[in-house]
Number of protein chains: 2
Amino acid sequence: MNTSRSTETVSTALAVLRSHGLRVSTSRRLVLEALFAAGVPVTADRIATGLDGRLPPLDVASVYRNLDTLEQLGVVRHLHPGRGPGLFALAGSDRAEYLVCDRCGQVRAIDASLLDPVRAALQETTAWDARFSRFPIVGTCPACAAR
Amino acid sequence: MNTSRSTETVSTALAVLRSHGLRVSTSRRLVLEALFAAGVPVTADRIATGLDGRLPPLDVASVYRNLDTLEQLGVVRHLHPGRGPGLFALAGSDRAEYLVCDRCGQVRAIDASLLDPVRAALQETTAWDARFSRFPIVGTCPACAAR
DNA sequence: ATACTTGCAAATGATTTGCCAGTGT
DNA sequence: ACACTGGCAAATCATTTGCAAGTAT
């Protein structure tokens, strides 16, 4: 259920690599598999440790290099939370954006279409083509807001 | 025209410090003056150099410590651009958000009220209290989009 | 065979921390 | 006087880079 789907998407990503004349190496495959297996945005370090041992380890430097390559191909998304290391996730075909709580660090995904009105408004007033995909939206989750 | 206004706001900020039992030290005053004088979001390093010599220099460590204190008091805003060092600005009473171009790095301020509809939508669908003030909104400016 | 990739180690950039001397209240 | 602060130097954290050895095509 998870395997077939992730395999499908991993091979799709690998095809993108090939179509750009880049090599399909073991570490690139592993980086993608880790992202699939994780399911949520993760740090480069966790990918390097194979999600804490679930997959073979890689050198962090290679992870960063590969994530960078994959990001440029549009396969991977790079998120900057307020504090700590950056997070990486598969871009896939999802239209998700993330909310991160500035008190407990909890991450929550929302449908990107929620932001379409703002995108349109910004386009109209500033002529900028806004993307919200680089940063999570910082706020306070209900639980933290309660206390 | 600029002096009176910034003095007014600096003293307001200093009053906040006092009301929290914190000291009004020379370096805290200087950090605030630098932020006022700059008028736009600046790095901790530029504050430490007194905006490149216009003001007395401070140690970066102190600048960071003070910015942190002032941020917690709600006097200073901390922005994370996509690349490079963090930027700091006075929170003041402004309702500004920032757009940053991911191609040329240009920064543009917009009125925060543009985002009110999204804030409301997010509140309704996720119960999160979203703030957009931590990160600039990344996108492409008209000029870069043209080429 | 050749160029792309990797791992390792060292470098870099930004921010933080320990510690003792200095200073606002 | 006393606790809060500042400067300086060293530490830390995240990420990048140089380079020789390894590998996909």
Side-chain angles (χ1 to χ4, degrees), chain A residues 10-11 13-34 41-50 55-73 75-88 105 134-135, chain B residues 10-11 13-34 41-50 55-73 75-88 105 134-135:
Chain A
V10 165
S11 50
L14 297 179
V16 174
L17 281 171
R18 286 200 193 83
S19 73
H20 282 261
L22 296 168
R23 293 185 187 168
V24 174
S25 64
T26 307
S27 75
R28 280 192 183 138
R29 205 191 320 266
L30 279 173
V31 166
L32 290 168
E33 305 218 334
V42 289
T43 63
D45 199 64
R46 283 204 71 226
I47 296 172
T49 62
L55 294 170
L58 295 168
D59 191 275
V60 235
S62 304
V63 173
Y64 275 112
R65 273 188 288 232
N66 286 327
L67 286 172
D68 193 57
T69 301
L70 294 167
E71 187 187 356
Q72 297 192 322
L73 297 178
V75 173
V76 161
R77 267 175 61 180
H78 186 179
L79 294 238
H80 277 275
R83 291 246 149 188
L87 299 174
F88 299 85
R134 184 82 108 266
F135 302 113
Chain B
V10 165
S11 49
L14 297 179
V16 175
L17 281 171
R18 285 198 194 86
S19 73
H20 283 260
L22 296 169
R23 292 185 187 168
V24 175
S25 64
T26 308
S27 72
R28 283 193 181 139
R29 204 191 320 265
L30 279 173
V31 166
L32 290 167
E33 305 220 331
V42 289
T43 63
D45 199 65
R46 284 204 70 227
I47 297 173
T49 63
L55 294 170
L58 295 169
D59 190 275
V60 234
S62 303
V63 173
Y64 277 111
R65 272 188 288 233
N66 286 328
L67 286 171
D68 193 57
T69 301
L70 293 166
E71 187 187 356
Q72 298 193 320
L73 297 179
V75 172
V76 160
R77 265 175 63 180
H78 186 180
L79 293 237
H80 278 274
R83 293 243 147 191
L87 300 175
F88 298 85
R134 184 82 111 268
F135 301 113

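Numbered from 1 within each chain, the chains take letters A, B, ... in sequence-line order. Values below: every heavy atom of this structure, side chains too, minus hydrogens, waters and symmetry copies. All values derive from a computational prediction rather than experimental measurement.
- The distance from atom CG of A/Leu79 to atom C1' of D/dA14 is 16 Å, rounded to the nearest whole Å.
- By the 4.5 Å heavy-atom criterion applied to side chains, A/Ile47 and A/Asn66 are not counted as neighbours.
- Between the side chain of B/Arg65 and the base of D/dG7 there is at least one donor-acceptor pair of N/O atoms closer than 3.5 Å.
- Atom CZ of A/Arg23 is separated from atom C1' of C/dT2 by 8 Å (rounded to the nearest Å).
- Contacts of A/Gly21 with the nucleic acid, taken as non-hydrogen atoms under 4.0 Å apart, are absent.
- In this structure, B/Gly84 and A/Leu58 both approach DNA chain C, and ranking their closest nucleotides by distance from the 5' end singles out A/Leu58.
- When distances are taken from the side chain of B/Pro85 to each of C/dA14, C/dT25, C/dT5, the shortest belongs to C/dA14.
- None of A/Thr69, A/Leu70, A/Thr26, A/Val75 except one satisfies the side-chain contact (heavy atoms from CB on, under 4.5 Å) rule with A/Val31; the exception is A/Leu70.
- Separating the CG atom of B/Asp45 from the P atom of C/dT16 is a distance of 14 Å, rounded to the nearest angstrom.
- Residue-level contact check: B/Val60 touches neither bases nor backbone, having no heavy atom under 4.0 Å from any strand.
- One interatomic measurement links the two molecules: CZ of A/Arg29 to C1' of D/dA24, which rounds to 10 Å at whole-angstrom precision.
- Annotation for B/Val63 and B/Ala44: closest pair CG1-O, 3.6 Å, computed over non-hydrogen atoms.
- We find that CG of A/Leu14 is positioned 16 Å from C1' of C/dC4, with the value rounded to whole Å.
- Counting only heavy atoms from C-beta outward, the side chains of B/His78 and B/Glu71 approach each other to under 4.5 Å.
- Whole-Å rounding puts the A/Leu67 CG to D/dT16 P distance at 10 Å.
- Atom pair A/Leu30:CG and C/dT5:C1' shows a separation of 14 Å (rounding to whole Å applied).
- Distances were taken from every side-chain heavy atom of B/Asp59 (C-beta onward) to each of D/dC2, D/dG7, D/dG6; the shortest belongs to D/dG7.
- At the phosphate of D/dG6, OP1 or OP2 sits under 4.0 Å from a side-chain N or O atom of B/Ser25.
- Residues B/Leu22 and B/Ala61 both approach DNA chain C. Their nearest nucleotides, taken by heavy-atom distance, put B/Ala61 toward the 5′ side.
- The side chain of B/Asn66 places no N or O atom within less than 4.0 Å of a non-bridging phosphate oxygen (OP1 or OP2) of D/dT5.
- No donor-acceptor pair closer than 3.5 Å links the side chain of A/Arg18 to the backbone N or O of A/Val24.
- At whole-Å resolution of the value, NE2 in B/His20 and P in D/dC4 are 16 Å apart.
- Side-chain atoms of B/Arg28 stay outside donor-acceptor range of the base of D/dG6, with no qualifying N/O pair under 3.5 Å.
- Note on B/Ser62: a base of the nucleic acid sits closer than 4.0 angstrom, heavy atoms only.
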